[in-house]
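Counting begins at 1 with the first residue of the sequence. Model, not experiment: these values are computed from the prediction.
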Amino acid sequence: MSSRGIRHIIVIGMAVMLLSCARDHLYYDAKSRDLVQLNIDWSQTEFMAENVGYNRDNPLNGVTVIAFDANTQQLAKELPPDGNWRSPRISLDPGVYNLIVINDSRVELPNINFSTDCGYSDFNAYIAVDTVYSGYPDYLTVSNVKGVAFQQPYRDYFYDQPDGYIHDIVTQEIATVQHPVTKRVNISAYVKGINYCRGMQPSYITGLSRSVNLATETPGLPTTVFAFNLINRQYRGNDYTEALLTQTFNSYSFNRERLLSGEPFELTLNFVLVNNSIHTVKVDVTDQIEKWLDEHITNGNLYDDLDIYLELALPPTDPSSSDAEGFIPETLPWNDITQEIIM
């Protein structure tokens with residue numbers, strides 16, 4: 001056979017070999033991990049602009065998820081704050097968890113203590129004092145998601161190369177509703193004879209709870225005394241003898257069981273009169289709390305503000321008759337409220 005024929009046979013053979021072989025595609029392996037996405041409803045909180053109490057100076061910056069082992073009930077992990085407050089995605093070690101979701105982060109809630117050393121059923125936000133509390137809890141909302149299972153990561157293979165070695169897949173979407181567990185207390189005192197008053201000393205209210213259980217959203221039984229400054233003054237009338245004094249602060253609300261057991265809610269107001277004497281007024285406001293509870297259980301709006309109102313008259317006082325012999329007690333300055341009337 002000629003060399004020309006041999007070359008033809010070799011070319012034909014190589015062509016047959018190339019056409020008869022198909023190369024397998026190279027698959028990429030990665031570690032796949034299941035994610036849980038929480039779809040959070042904030043409509044019952046003050047973080048929505050359309051709701052009463054919305055404060056543009058206190059925006060919602062994110063959420064913090066605190067995970068408890070569903071079997072041991074002990075704290076498993078507190079996840080870093082997540083700026084995606086509508087639909088955060090979380091990953092935990094394999095297991096079943098009860099999740100507690102709170103607004104913002106610990107840094108943004110400096111006036112709230114969390115009992116992370118307790119189990120899930122006893123997990124509280126609380127006030128770290130036993131007597132008088134002169135600060136106020138930050139606005140706190142919470143929701144609970146129980147029995148959330150996370151699976152073991154597994155080896156997965158992809159036709160195209162994934163962006164990273166860890167491949168996250170949302171395998172569960174869980175809806176939850178955020179509820180406020182702090183309550184705004186609005187104190188209003190209509191005072192006749194305000195011209196006999198030169199200022200205020202701290203006022204007090206008893207009966208409000210010292211803590212709230214975040215697993216059940218129930219205020220605790222132990223109470224504390226909240227101190228507040230009744231210094232917002234709005235005159236009524238042109239003679240400046242009558243005024244409405246107001247103050248607003250957050251509390252952990254009140255426990256219904258303690259209210260039904262006869263625990264009194266007492267309001268103590270301390271006025272400094274123009275002769276430097278102290279005029280103290282004590283009022284039992286339990287009936288107002290009971291009325292508020294009856295009305296709001298009926299309409300289901302237990303997250304509304306707690307409004308407390310009273311009327312009183314100060315005794316006529318001569319500025320020149322002072323029993324203090326020159327001693328002037330420290331008083332809190334007035335914050336006068338001006339109200340614009342649009343004609």
Side-chain angles (χ1 to χ4, degrees), residues 33 35-68 75-92 97-118 120 123-128 133-146 148 150 166 168 170 172-186 209 211-219 226 247-253 301-306:
R33 183 173 57 180
L35 296 184
V36 172
Q37 177 174 306
L38 301 177
N39 298 323
I40 305 176
D41 179 357
W42 296 91
S43 62
Q44 298 188 32
T45 73
E46 295 177 4
F47 291 118
M48 297 293 97
E50 62 272 17
N51 289 352
V52 176
Y54 173 72
N55 182 2
R56 66 176 65 252
D57 295 326
N58 183 32
L60 178 59
N61 296 313
V63 293
T64 298
V65 178
I66 303 171
F68 291 82
L75 176 67
K77 188 174 184 179
E78 181 175 336
L79 298 174
D82 191 334
N84 182 6
W85 50 269
R86 289 189 183 275
S87 53
R89 296 176 176 180
I90 61 176
S91 175
L92 290 168
Y97 300 89
N98 294 332
L99 308 179
I100 289 181
V101 184
I102 62 173
N103 58 283
D104 297 311
S105 66
R106 298 263 208 128
V107 174
E108 294 167 289
L109 303 171
N111 294 329
I112 294 180
N113 299 282
F114 295 95
S115 60
T116 49
D117 55 333
C118 296
Y120 169 76
F123 184 49
N124 289 338
Y126 67 95
I127 294 169
Y133 186 60
S134 57
Y136 314 116
D138 304 289
Y139 183 66
L140 180 64
T141 68
V142 67
S143 64
N144 278 270
V145 184
K146 298 181 181 180
V148 182
F150 289 83
I166 301 296
D168 290 332
V170 175
Q172 296 184 70
E173 291 192 33
I174 303 175
T176 184
V177 180
Q178 208 76 3
H179 297 141
V181 289
T182 53
K183 184 176 296 299
R184 180 180 287 110
V185 180
N186 302 315
S209 292
S211 64
V212 61
N213 186 302
L214 299 183
T216 62
E217 302 180 16
T218 304
F226 276 86
Q247 189 55 270
T248 294
F249 57 90
N250 285 335
S251 77
Y252 288 126
S253 189
N301 294 326
L302 290 173
Y303 306 114
D304 287 352
D305 292 1
L306 179 61

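In this pair, F150 and Y97 present their aromatic rings perpendicular. The plane angle is above 60°, beyond the 30 to 60° band.
Proximity of L109 to F114: side-chain heavy atoms (C-beta onward) are separated by under 4.5 Å at one or more points. The closest side-chain heavy-atom distance from N111 to P137 is not below 4.5 Å. Under the 4.5 Å side-chain criterion, counting only non-hydrogen atoms from C-beta, I66 is in contact with L75. When side chains are defined from C-beta on, N144 does not count as touching N98, because their heavy atoms never get closer than 4.5 Å. No side-chain heavy atom of Y252 sits under 4.5 Å from any side-chain heavy atom of V181. Contact check for E46 versus N51: no side-chain heavy atoms found under the 4.5 Å cut-off. A heavy-atom distance below 4.5 Å is not found between the side chains of L92 and V148.
For S209 against I127, the heavy-atom pair with the smallest separation is O-CD1, 4.5 Å. Nearest heavy-atom pair across S143 and V177 is CB-O, 3.1 Å. Of all the heavy atoms in L79 and S91, the pair that sits closest is CD2-O, 4.3 Å. For F226 against S251, the heavy-atom pair with the smallest separation is CZ-CB, 3.7 Å. When all heavy atoms are compared, the tightest approach of Y120 to K146 is OH-CE, 3.2 Å. For the pair E217 and Y303, the tightest heavy-atom approach, listed with the atom from each and the gap, is OE1-OH, 4.1 Å.
V142 pairs with exactly one of V101, I100, T182 by the side-chain contact (heavy atoms from CB on, under 4.5 Å) rule, that one being I100. For the side chain to side chain donor-acceptor pair (under 3.5 Å) criterion with T141, the lone passing option out of N103, T45, D104 is N103.
Under the 3.5 Å distance criterion, the side-chain polar atoms of K183 are matched with a main-chain donor or acceptor of L302. Between the side chain of N213 and the backbone N or O of T218 there is no donor-acceptor pair closer than 3.5 Å.
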Check residues 56-63 and write down every donor-acceptor pair under 3.5 Å in which the side-chain atom is one partner and the other belongs to a residue at least two apart or another chain.
{"from": "N61", "atom 1": "ND2", "to": "E108", "atom 2": "OE2", "distance (Å)": "2.5"}

Under 3.5 Å, sequence neighbours excluded: what are the donor-acceptor pairs made by side chains of residues 36-44?
{"from": "Q37", "atom 1": "OE1", "to": "R89", "atom 2": "NE", "distance (Å)": "2.8"}
{"from": "Q37", "atom 1": "OE1", "to": "R89", "atom 2": "NH2", "distance (Å)": "3.2"}
{"from": "Q37", "atom 1": "NE2", "to": "N39", "atom 2": "OD1", "distance (Å)": "2.9"}
{"from": "N39", "atom 1": "ND2", "to": "E173", "atom 2": "OE1", "distance (Å)": "3.0"}
{"from": "D41", "atom 1": "OD1", "to": "S43", "atom 2": "N", "distance (Å)": "2.9"}
{"from": "D41", "atom 1": "OD1", "to": "S43", "atom 2": "OG", "distance (Å)": "2.8"}
{"from": "D41", "atom 1": "OD2", "to": "S43", "atom 2": "OG", "distance (Å)": "3.4"}
{"from": "W42", "atom 1": "NE1", "to": "W85", "atom 2": "O", "distance (Å)": "2.9"}

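In this structure, the separation between OH on Y136 and CD1 on I112 is 15.0 Å, given to the nearest 0.5 Å. Here E78 contributes atom CD and F68 contributes atom CZ; the two are 9.0 Å apart, rounded to the nearest 0.5 Å.
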Derivation of the side chain to side chain contact (heavy atoms under 4.5 Å, CB included) call for L214 and L140: CA-CA 10 Å; L214 299 183; L140 180 64; 4.1 Å; yes
I90 vs L99, side chain to side chain contact (heavy atoms under 4.5 Å, CB included): CA-CA, chis, key distance, verdict: CA-CA 11 Å; I90 61 176; L99 308 179; 3.5 Å; yes
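Within a 6.0 Å sphere centred on CZ of R86, other residues, nucleotides and ligands contribute 12 heavy atoms or fewer.
Side-chain polar atoms of N124 and S115 form no donor-acceptor pair below 3.5 angstrom.
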